[in-house]
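Lettering follows sequence order; numbering is per chain, from 1.
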2 protein chains.
Amino acid sequence: MSRTDYPVYLQLRDRLWDWIEDEKLSSQQKLPSERELSERFSTTRVTIRQALSQLEAEGLIFRSNRRGWFVTPERLRYDPSRDIGFTRYVTEQGFRPRTETLFKQLTEAPKWLSEATGLPEGTPVYHIFRRRYVNERGLLVEHNYINPQHCPGLLSESTDLSIWQMFKEKYNRVPDHRDIEIYPLALKGLEADSLGVNQGTAGLYIQRLSHDQEGEFLELDREYWLHDALKISVHVGGRH
Amino acid sequence: MSRTDYPVYLQLRDRLWDWIEDEKLSSQQKLPSERELSERFSTTRVTIRQALSQLEAEGLIFRSNRRGWFVTPERLRYDPSRDIGFTRYVTEQGFRPRTETLFKQLTEAPKWLSEATGLPEGTPVYHIFRRRYVNERGLLVEHNYINPQHCPGLLSESTDLSIWQMFKEKYNRVPDHRDIEIYPLALKGLEADSLGVNQGTAGLYIQRLSHDQEGEFLELDREYWLHDALKISVHVGGRH
DNA sequence: GCTCCAATCTGGTATATACCAGATTATGAG
DNA sequence: CTCATAATCTGGTATATACCAGATTGGAGC
């Protein structure tokens with residue numbers, strides 16, 4: 001059975017895991033309250049919270065504000081090397097996407113942006129900040145920094161749809177190559193607040209820097225995902 | 001200054017962050033003990049630990065066993081789409097790599113492996129389990145599942161070096177295409193123990209499934225990284 | 001100098017308790 | 001019924017305390 005020298009909170013982690021599977025709790029379903037769980041498993045709320053945090057780190061459950069703990073939905077598969085928009089690949093997997101534009105503005109390239117892109121500091125750039133949902137759970141927020149030379153008047157367009165699409169159809173610009181960076185981090189500040197999660201919640205950062213055929217900067221994309229929301233899936237090599 | 005309604009542990013997070021920068025604490029350097037910090041910042045050890053956990057989630061500091069808290073070294077850049085071995089890309093970045101083989105054995109393909117590769121269940125496969133260090137900090141453990149058809153006698157070779165290299169030079173096999181999966185998870189069980197970290201420590205999972213030109217299964221690679229150890233960096237598109 | 005062992009220091013685990021703020025639910029007025 | 005409000009439920013924050021086990025340190029004995 002369980003190792004006797006195994007800490008209580010890890011035993012609880014495993015028992016809760018089994019319990020969730022036994023009860024066949026499905027996606028988005030609510031767990032009993034921490035107080036109720038601590039009674040049911042004869043321990044304190046502090047210890048139960050340690051166990052719940054373990055399951056949260058696994059990605060099995062997630063917390064919602066002060067509403068309770070819920071079973072995490074299946075991870076979204078995501079291929080950052082492909083050029084299809086959020087709406088499309090979410091739909092293809094049978095989920096319901098939604099995008100909210102939180103703000104869009106014309107601003108001046110800050111230092112970090114000019115270093116990443118080669119644009120001179122202070123160059124005007126469009127900055128769009130959006131929140132994206134799958135099945136009404138907010139999974140990520142996204143900053144787009146766009147070279148306005150290639151798409152004048154972008155801000156008056158609707159930005160709840162695919163920017164790729166718009167680039168291609170309206171401005172006839174196609175991204176040619178991309179530099180992608182991915183690493184885990186903690187969500188905090190604006191990104192945590194916008195997603196309605198606690199400061200320090202585990203997240204995944206994805207940055208995509210796109211240039212066109214002439215090597216001109218098109219767009220820089222900074223995505224902050226919930227750590228349990230996605231599974232990156234890429235195919236490389238083969239024919240070429 | 002700080003928002004008055006800001007929780008103490010978040011204020012501490014920021015003050016500790018500043019303090020680490022001010023003191024110019026460098027990579028691998030040790031922080032004062034939790035008891036000392038809680039006195040210095042006039043709070044309890046529990047609250048200090050919350051703040052430290054925040055910085056841990058950020059990747060700024062890490063804990064080592066019962067030895068203390070240390071400043072996290074710079075992230076290793078890693079391109080899982082390239083074919084160069086661990087030793088080489090670590091060296092290229094000016095770090096010291098080291099690999100330990102924890103075990104290697106001939107086993108039979110379990111269900112999950114046959115589902116992932118198409119091999120019949122029970123087919124013999126080599127299974128190698130290794131731990132990899134950078135500057136003497138263990139950053140990941142790695143399971144290699146290898147099709148023995150293409151490399152008979154592999155287990156008697158030294159497996160502290162590059163498997164790619166060996167495939168190519170000794171067995172004349174070159175991986176042609178790969179399916180890569182990446183997602184955050186919690187390190188636990190064997191992987192956490194092997195890395196000497198606590199159960200539930202944040203990690204990053206990277207899986208690489210490699211086939212050769214004929215579409216035959218060569219190797220499945222499952223890597224469990226510390227979440228703060230790497231930055232994935234990929235270039236896609238351009239000439240082809 | 002060395003080895004061995006005890007003391008000490010470290011983070012890890014666990015309990016008990018309290019209050020807060022946001023979210024939800026129940027209630028009662030209209 | 002609808003709407004506003006009050007009560008309640010929820011997780012979030014914070015303090016105080018205790019003991020454990022592994023890691024490190026210091027000292028005794030050689």
Side-chain angles (χ1 to χ4, degrees), chain A residues 2-16 28-57 61-71 136 138 186-188 192-193 195-201, chain B residues 2-16 28-57 61-71 136 138 186-188 192-193 195-201:
Chain A
S2 60
R3 286 154 57 184
T4 50
D5 60 342
Y6 221 52
V8 178
Y9 77 97
L10 289 179
Q11 295 176 34
L12 287 173
R13 173 194 68 179
D14 297 339
R15 288 173 65 190
L16 278 168
Q28 303 267 26
Q29 210 164 334
K30 189 176 179 305
L31 269 64
S33 76
E34 295 175 355
R35 288 168 175 85
E36 193 181 331
L37 286 172
S38 59
E39 277 196 27
R40 190 177 305 190
F41 290 96
S42 307
T43 182
T44 64
R45 218 182 116 211
V46 183
T47 304
I48 273 289
R49 278 171 68 79
Q50 280 186 75
L52 291 169
S53 296
Q54 289 275 323
L55 296 179
E56 181 188 32
I61 62 178
F62 69 95
R63 54 183 108 193
S64 174
N65 277 330
R66 279 153 226 263
R67 302 197 306 121
W69 292 88
F70 299 84
V71 176
E136 292 311 309
L187 302 177
K188 54 170 201 163
D193 290 344
L195 285 170
V197 297
N198 295 332
Q199 295 282 316
T201 297
Chain B
S2 60
R3 286 155 56 183
T4 50
D5 60 341
Y6 221 52
V8 177
Y9 77 97
L10 289 179
Q11 293 176 36
L12 287 172
R13 173 194 68 179
D14 297 339
R15 289 173 66 191
L16 278 168
Q28 303 265 29
Q29 211 165 333
K30 190 176 178 303
L31 269 62
S33 75
E34 295 176 356
R35 286 168 176 84
E36 194 181 331
L37 287 172
S38 58
E39 276 196 29
R40 189 178 306 190
F41 291 95
S42 307
T43 182
T44 64
R45 219 183 116 211
V46 183
T47 304
I48 273 289
R49 278 171 66 81
Q50 280 185 76
L52 291 169
S53 297
Q54 289 275 322
L55 296 180
E56 181 188 33
I61 61 177
F62 70 95
R63 52 182 109 193
S64 174
N65 277 330
R66 278 152 226 264
R67 301 197 306 120
W69 293 89
F70 299 83
V71 177
E136 291 311 311
L187 302 178
K188 53 170 203 164
D193 291 345
L195 285 171
V197 297
N198 294 333
Q199 295 283 315
T201 296

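Distance alone, capped at 3.5 Å, places no donor-acceptor pair between the A:Glu34 side chain and the A:Ile48 backbone.
Between the CD1 atom of B:Ile48 and the P atom of D:dT15 there is a distance of 10 Å, rounded to whole Å. Nucleotide D:dG11 holds its P atom 14 Å from the CG atom of A:Leu55, rounded to whole Å. The interatomic distance linking B:Leu31 (CG) with C:dC9 (C1') rounds to 16 Å, in whole Å. The distance between atom CZ of B:Phe41 and atom C1' of D:dA14, rounded to the nearest whole Å, is 18 Å. Rounded to whole Å, atom C1' of D:dC20 lies 18 Å from atom OH of A:Tyr6. One interatomic measurement links the two molecules: CG of A:Leu37 to C1' of D:dT10, which rounds to 12 Å at whole-angstrom precision. A straight line from CD of A:Gln50 to P of D:dG12 spans 14 Å, rounded to a whole angstrom. Distance, A:Tyr9 OH to C:dT15 C1': 16 Å, rounded to whole Å.
Contact check for A:Arg13 versus A:Tyr6: side-chain heavy atoms found under the 4.5 Å cut-off. Side-chain contact between B:Ser53 and B:Arg63 is present, with at least one heavy-atom pair separated by less than 4.5 Å. Between A:Arg45 and A:Arg49 the shortest side-chain heavy-atom distance falls below 4.5 Å. Looking at A:Tyr9 and A:Thr43, their side chains never come closer than 4.5 Å, going by heavy atoms from C-beta outward.
Each of C:dG12, D:dG12, D:dA16 was ranked by its minimum atom distance to the side chain of B:Arg63; first place goes to C:dG12. Of the candidates D:dG11, D:dT13, C:dG11, D:dG11 carries the atom nearest the A:Glu34 side chain, counting heavy atoms from C-beta on. Closest to the B:Ser33 side chain, of the nucleotides D:dG11, C:dG11, D:dT13, is C:dG11. Distance from the side chain of B:Arg66 is smallest for C:dT10 among the nucleotides D:dT13, C:dT10, C:dT24. Of all nucleotides listed (C:dT15, D:dG12, D:dA23), D:dG12 comes nearest to the side chain of A:Asn198.
Of the residues near DNA chain C, A:Asn65 and A:Val8, the one whose nearest nucleotide (by heavy atom distance) lies more toward the 5' end is A:Val8. For the pair B:Thr44 and B:Arg35, nearest-nucleotide mapping onto DNA chain D gives the more 5' position to B:Thr44.
Using a 4.0 Å heavy-atom cutoff across all strands shown, A:Arg49 reaches at least one base atom of the nucleic acid. Here A:Thr43 lies in heavy-atom contact (under 4.0 Å) with sugar-phosphate atoms only.
A donor-acceptor contact under 3.5 angstrom links the side-chain atoms of B:Arg45 to the base of C:dG12.
A close approach under 4.0 Å does not occur between any side-chain nitrogen or oxygen of B:Ser64 and OP1 or OP2 of C:dG11.
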